[in-house]
Amino acid sequence: APQQLHGGCVFGACADCMACFDGGAGPPSPCVKVCVIDETSGWCRGCGRSGEEIAGWLAMSALDKHELLLRLPLRLQDLAARGRKMEPAR
């Protein structure tokens, strides 16, 4: 299971963000500018979201974004285990 940091955020960005808790638009997009959908899972090989989740991100509630972010680490682990995870270009 992913390590939970800073009050439950698995991404550890709360010191910079706090959007999940302050009534803002929610956490920032997890996009890492890879944007390649894995044909088997339907998930982005960079951020782990489905095409539908990517397209709907801006319309999602802060709670829905937060709940989705909590699911992404397991998806990314699955992609990595199958050799399908892609890292952003440096």
Side-chain angles (χ1 to χ4, degrees):
Q3 180 182 3
Q4 290 194 346
L5 305 169
H6 306 291
C9 178
V10 296
F11 291 95
C14 291
D16 300 321
C17 172
M18 293 303 291
C20 296
F21 306 102
D22 69 1
S29 170
C31 181
V32 295
K33 308 289 191 271
V34 170
C35 307
V36 176
I37 300 295
D38 176 61
E39 296 154 5
T40 302
S41 65
W43 300 328
C44 173
R45 294 175 60 187
C47 71
R49 294 179 293 169
S50 70
E52 183 177 300
E53 291 163 342
I54 293 168
W57 181 261
L58 293 176
M60 291 173 76
S61 71
L63 179 60
D64 287 343
K65 289 176 182 178
H66 181 74
E67 289 175 352
L68 175 58
L69 289 177
L70 293 176
R71 291 193 300 271
L72 296 182
L74 291 177
R75 292 181 185 183
L76 294 171
Q77 287 175 2
D78 178 70
L79 288 167
R82 295 186 293 109
R84 301 295 294 162
K85 171 85 172 74
M86 292 177 68
E87 298 297 329
R90 297 196 187 255

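Quick caveat: nothing in here was measured; it's all calculated off a predicted structure.
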Original post:
What pair of heavy atoms forms the shortest contact from Gly46 to Lys85, and how long is it?
Top reply: O-NZ, 3.4 Å
Original post:
Who passes side-chain contact (heavy atoms from CB on, under 4.5 Å) against Leu63, sequence neighbours left out?
Top reply: Ser61, Glu67
Subject >> Any residue meeting salt bridge (charged side-chain N to carboxylate O under 4.0 Å, His left out) with Glu52, in chain and number order, not counting sequence neighbours >> reply: none
Subject >> Under 4.5 Å side-chain linkage, directly or through intermediates, the cluster mates of Val36 >> reply: Val32, Val34, Met86
**OP:** Tell me, please, which residues at least two apart from Asp64 pass salt bridge (charged side-chain N to carboxylate O under 4.0 Å, His left out).
**Re:** none
**OP:** Could you tell me the separation between the OG atom of Ser50 and the CG atom of Leu68, rounded to the nearest 0.5 Å?
**Re:** 7.5 Å
Subject >> Set of residues satisfying side-chain contact (heavy atoms from CB on, under 4.5 Å) with respect to Cys31, sequence neighbours excluded >> reply: Ser29, Lys33, Cys35, Arg49
Subject >> Side-chain ion pair, Arg84 and Glu39, N-O less than 4.0 Å >> reply: no
**OP:** Compare every heavy atom of Pro30 with every heavy atom of Leu72, then report the nearest pair and how far apart it is.
**Re:** CD1-CG, 3.7 Å
**OP:** Run through the side-chain heavy atoms of Ile, Leu, Val, Met, Phe, Trp and Tyr, join any pair under 4.5 Å, and report what else lands in Ile37's cluster.
**Re:** Ile54
Original post:
If you measure from CG on Leu79 to CG on Leu74, what distance do you get to the nearest 0.5 Å?
Top reply: 11.0 Å
Subject >> With sequence neighbours excluded, residues passing salt bridge (charged side-chain N to carboxylate O under 4.0 Å, His left out) with Arg82 >> reply: Asp38, Asp78
Original post:
How would you list, by chain and number, every residue that makes a side-chain hydrogen bond (donor to acceptor under 3.5 Å, both in side chains) with Arg71, sequence neighbours excluded?
Top reply: none
**OP:** List in chain and number order the residues that pass side-chain hydrogen bond (donor to acceptor under 3.5 Å, both in side chains) with Arg45, two or more places apart in sequence or in another chain; answer none if no residue qualifies.
**Re:** none
Subject >> Trace of the salt bridge (Lys or Arg N to Asp or Glu O under 4.0 Å) decision for Arg75 with Glu53 >> reply: CA-CA 13 Å; Arg75 292 181 185 183; Glu53 291 163 342; 2.6 Å; yes
